[in-house]
Amino acid sequence: MTRAAATSSRGLTLSRWREVDEPLEVISWMLGSFCEEERPPVGVIDPLSGAYTREFFDETLRNELMRAERHPAELSVILLQLRRSARVLADDRPSPRLLTLTATSMRRHLRGADIVARLDSHRLAALLPATGPRSALIAAGRLGEALHDAEHLEGWSLDIGVSGLGMETLEPEELLSQATHAMISAQQGASRHPFVYV
């Protein structure tokens with residue numbers, strides 16, 4: 001049906017125009033929605049582990065850093081990596097169940113306001129608002145001790161790194177890079193205790 005068809009017989013009336021115009025508006029809206037270039041909404045919960053998604057974590061971290069620029073505040077990140085204790089099995093990936101149990105333990109031993117997310121197949125992270133590196137290191141130490149004795153982690157090792165805001169506001173990538181550097185230091189030192197990036 002087109003507007004031209006509405007005028008083909010018996011003349012154009014207001015009611016006939018409306019009858020034709022409504023479906024055209026719906027079709028126009030549908031075509032517009034297919035052509036939109038906006039990004040889809042960011043997923044919040046990771047279906048694999050039950051923790052927050054990497055996208056949600058990154059977005060929250062960016063928002064917290066922008067807030068810190070306006071109103072100076074402390075902020076820290078804890079990065080946790082799971083790897084096989086046996087070098088022969090180094091390429092093994094943690095199972096979804098293992099990631100879920102570890103994420104649940106992290107939420108249990110951290111504060112309710114802390115954001116626990118799965119970054120990839122081996123790494124989980126926690127964003128600790130209003131927390132300096134010293135306090136975050138203490139929290140990471142408690143977390144590491146609790147997870148060290150967890151039955152579900154038998155055969156797996158943990159590497160934990162901590163980073164936090166200093167005198168200057170950092171970019172999100174730099175903050176995560178510092179936590180990764182600290183985590184690798186813990187791994188290379190074969191330490192049970194988390195390292196902090198200073």
Side-chain angles (χ1 to χ4, degrees), residues 40-64 75-129 131 133 135-164 170-197:
V42 172
V44 176
I45 301 298
D46 171 46
L48 189 69
S49 64
Y52 288 106
T53 61
R54 172 69 185 262
E55 292 80 8
F56 181 79
F57 180 86
D58 289 343
E59 187 69 23
T60 305
L61 179 56
R62 276 192 293 270
N63 291 338
E64 289 293 330
L75 176 71
S76 293
V77 170
I78 295 175
L79 198 58
L80 183 148
Q81 175 180 264
L82 294 166
R83 61 181 171 85
R84 276 292 193 181
S85 301
R87 194 177 296 273
V88 178
L89 303 172
D91 293 334
D92 280 7
R93 291 188 174 188
S95 66
R97 179 177 178 275
L98 181 59
L99 288 169
T100 300
L101 291 173
T102 305
T104 301
S105 296
M106 290 178 71
R107 287 196 300 268
R108 186 182 303 124
H109 291 94
L110 296 173
R111 302 169 304 178
D114 299 331
I115 304 295
V116 176
R118 181 176 77 92
L119 300 189
D120 52 37
S121 61
H122 289 82
R123 298 184 304 160
L124 296 160
L127 174 61
L128 283 62
T131 305
S135 298
L137 185 59
I138 294 171
R142 288 197 306 263
L143 177 64
E145 289 297 327
L147 289 175
H148 183 266
D149 299 326
E151 292 182 5
H152 70 272
L153 283 172
E154 185 176 352
W156 292 85
S157 295
L158 295 175
D159 307 312
I160 302 178
V162 178
S163 66
L170 305 176
E171 293 295 320
E173 296 78 12
E174 190 175 354
L175 201 59
L176 284 173
S177 176
Q178 290 180 352
T180 301
H181 182 273
M183 186 183 67
I184 291 172
S185 297
Q187 177 183 347
Q188 290 175 343
S191 173
R192 284 179 50 190
H193 303 288
F195 276 55
V196 63
Y197 186 95

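Since the model is a prediction, treat every value here as computed from it, not as a measurement.
- When every heavy atom of Ile45 is checked against every heavy atom of Thr53, the shortest pair comes out as C-CG2, 3.5 Å.
- Environment of OH in Tyr52: sparse, with no more than 12 heavy atoms of neighbouring residues, nucleotides or ligands closer than 6.0 Å.
- Between Ser163 and Gln178, the shortest heavy-atom distance links the atoms CB-CB, 3.7 Å.
- Inter-residue side-chain proximity for Leu82 and Leu98 is flagged as met; some heavy-atom pair is nearer than 4.5 Å.
- Rounding to the nearest 0.5 angstrom, the gap separating the CG atom in Leu110 from the CD1 atom in Ile78 is 5.5 Å.
- One finds the CG atom of Leu176 at 5.5 Å from the CZ atom of Phe57 (value rounded to the nearest 0.5 Å).
- When the shell of 6.0 Å around CZ of Arg97 is examined, it contains 12 or fewer heavy atoms from other residues, nucleotides or ligands.
- Interatomic distance, Leu99 CG to His152 NE2, rounded to the nearest 0.5 Å: 9.5 Å.
- Here Arg142 pairs with nothing under the salt bridge (charged side-chain N to carboxylate O under 4.0 Å, His left out) rule; sequence neighbours left out.
- The backbone N or O of Ser105 sits less than 3.5 Å from a side-chain atom of His109, completing a donor-acceptor pair.
- Looking at Leu79 and Leu119, their side chains come closer than 4.5 Å, going by heavy atoms from C-beta outward.
- The two residues Pro133 and Gly164 have their closest heavy-atom pair at CG-CA, 3.8 Å.
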> Under the side-chain hydrogen bond (donor to acceptor under 3.5 Å, both in side chains) criterion, do Ser49 and Asp46 qualify, and how do the steps go?
Replying inline: CA-CA 6 Å; Ser49 64; Asp46 171 46; 2.7 Å; yes

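- Under the salt bridge (charged side-chain N to carboxylate O under 4.0 Å, His left out) criterion, Arg123 pairs with Asp120, not counting sequence neighbours.
- Ser121 approaches Arg93 most closely through the heavy-atom pair OG-NE, 3.9 Å.
- A salt bridge links Asp58 with Arg54: at least one charged nitrogen is closer than 4.0 Å to a carboxylate oxygen.
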